[in-house]
**Student:** 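Before I ask anything, let me first share the structure, which is written out below as C-alpha cells.
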Amino acid sequence: MPPHNEFDGIRALHDALAARTISARELAAGALDAVAARTDLNAFLHVDPDLTLAQADAADQLLARGAGTCLTGIPLAHKDVFATRGWRTTAASKMLAHYVSPFDATVVARLMDAGAVSLGKLNCDEFAMGSGNRNSAFGPVRNPWNPDVVPGGSSGGSAAAVAAGLVMAATGTDTGGSVRQPAALCGVSGIKPTYGTVSRFGIVAFGSSLDQAGPIARHARDLLEVLDIISGFDPRDSTSLETCDGVPNAPGRIRGDFNTASQRQAQAGGHPLEGLRIGVPREYFSAGLAADVAGAVDGALSVFESLGARRVAISLPHTALAIPAYYVIAPAEASSNLERYDGVRYGHRAEKYGDLNEMVSRSRSEGFGPEVLRRIMVGTYVLSHGYYDAYYLQAQRVRRMIADDFARAFSQQCDVIMGPVTPTVARPIERGAESPTTDWLADIYTLGVSLAGLPALSIPCGFSGGDRPLPVGLQIIGNYFSEGRLLAIADRFQQTTDWHRRTPRQP
Ligand code: GLN
C-alpha cells in the first residue's frame, strides 16, 4: 500500500508534508511501486518514474522552504485526455497512440503550479466515449472491487486508481456522466462542476458544449482541494466564464462558498442541514432502477433527513428524452471535433493508400475504434442537409426543455436534487449478447445534468448484496455555481457515514 493511504485525505497528508515527517519523494516512490504492482487493473496508460520523481523533488524543495500549497507533493494522475508535456496524450485511441503534446492543458498546468505530483496518465474510453471503459484501444480497465466488472467510464482509469489507493486524487472529464458514473461504480467521490467554470483548454475535445473537467477522490473535501485550484477563467477557452453570478470565476470562489456553508452547518448544531429541501425526482426512481441501488439511495436520503433536511417529491418530466437528445448532440459535436484527425497534421496515418482521399479514409478507419466510428457516423448524419432540422435542431429544443425542468424545480421546490447515478451497480466487462447501445440507456440519470450544464457530484452511499458486493453512488445536483455548497453537503454526509472509507480487498 502506498504511504499516502495512511493519511485521512489531502489536508492530513499536507500537514505531514509541511511538518516534513514524510517527503514528497517517499510518497511518489511508494505510489509508483503500487502502480507497478497493480498493472492487472490496466488503470495507467503511461508512467515515467523519472519525471514523477523530479516533480516530487521540486515539491520537497518548496516544502523545505516552508512554501507551497495544500497540493504540493500530493500524488495524483490525469485522465489521458488532458494534454501533458512529458507524457503521451492518447485519448486511449490508436489514432493518437504516439502523440506528445507540446503544451499542458490548463487544468494540468494549474495543478503543477500548485506543486501536485503527477504519477502519469490514466486509461479511459476512447475519446471519452463510453460508460464502462471497455472502449479503450489499450484494453479495458478492471474494477478494484471485482476484476470481472467495469469500473464505469469514461474516466474509468481515474476512478479505479483512486479506489485502489494508487493516487489521492485524479482528474476526469464529464460530458454526459463520465466523472460521476465511474466514481459511483468504484465507490469513490467525483464532481462535475458548472459548465464553463473549468477551462477546457488542452482537453481532447469530444462534445464541446458538454465537456467539463472534474476531480475524483475518496473524500468530498479532497474534491474541494482540487476543484478550487483547477477552476477559474481562462482566456484560451472561449466558453470559459469570467464571472459566476457576479462573482469572479477564480480559485477561492468554491472554497469560500464551501466555508460559508460549513460554518452555517456547524452553527445549526444537532440538525446541521435544517431547512435543506431535497428534491427527489419521481422519474429517477422508475422501472429499470435496480432494487439494491434504490435501497442504498433511500438509505442515504434517510441519513440526510436525520441531519435536518427534508424530502420534497418533484418531477423532471423530460428525463427520458435526455438519452435521445444527448445521443444526437454529443455525436454531432464529436463528428465535428474529430474531423481534425485526418492523417495529415497529426495522429495515425495509414501506410498504404492510393490518393489523398484514400489516405484520409484509411487513416480514420484504422485509427478510430468501433464506438468512435459509430458516433462519427451518427453525428455526420444528424448534421447533414435535410436532417439537421429534424434531428439536431429538435434535440437542441429538447435540451432547453430539460434545462427548464431543473430551473423550475430549483426556483420553486428544492435547494438540491438527489437520486441515483446509475440504474444498476457495475456490470460485467464481457458484453455477451448485449448491444453496444445498451450502455447508452444506462446514462439516463447523468445526461440531463450535462445537457443543462449544472454541477453535480457522486458520493458512495452503500453496496449491493451478494458475496462480492459492489458500490452504489448517490447523485447530488445543485443549481448553477453551487459547487461549494454541494461539497459542503457531501462533506456533512461523509462525517456521518463511512461508505467513502471502505476500500476493496488487495489482491
Ligand atoms: N457515457 C456517455 C457517452 O458515452 C458519457 C461519456 C462522457 O461523459 N465522457 O457519451
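Ligands are counted one by one from 1 in listed order, and the atoms in each one are counted from 1 as well.
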**Student:** Apply the side chain to side chain donor-acceptor pair (under 3.5 Å) test between Asp174 and each candidate in Lys192, Gln212, Arg180; give the one that qualifies.
**Tutor:** Arg180
**Student:** Verify, without hydrogens or angle tests, whether Asn42 (side chain) and Pro140 (backbone) share a donor-acceptor contact under 3.5 angstrom.
**Tutor:** yes
**Student:** Aromatic rings Tyr391 and Tyr381: how do their planes relate, parallel, tilted or perpendicular, breaks at 30° and 60°?
**Tutor:** tilted
**Student:** Check each protein residue for a heavy atom under 4.0 Å from ligand 1 and list those that pass, ordered by chain and number.
**Tutor:** Ala128, Met129, Gly130, Ser131, Ser154, Asp174, Thr175, Gly176, Gly177, Ser178, Phe206, Tyr326, Tyr327, Arg375, Asp443
**Student:** Hey, does the side chain of Arg364 reach the backbone of Tyr341 with a donor-acceptor pair shorter than 3.5 angstrom?
**Tutor:** yes
**Student:** Salt bridge check, Arg255 against Glu225: does any charged N sit closer than 4.0 Å to a carboxylate O?
**Tutor:** yes
**Student:** Ser131 and side chain to side chain donor-acceptor pair (under 3.5 Å): which single residue from Thr438, Asp443, Asp439, Thr446 fits?
**Tutor:** Asp443
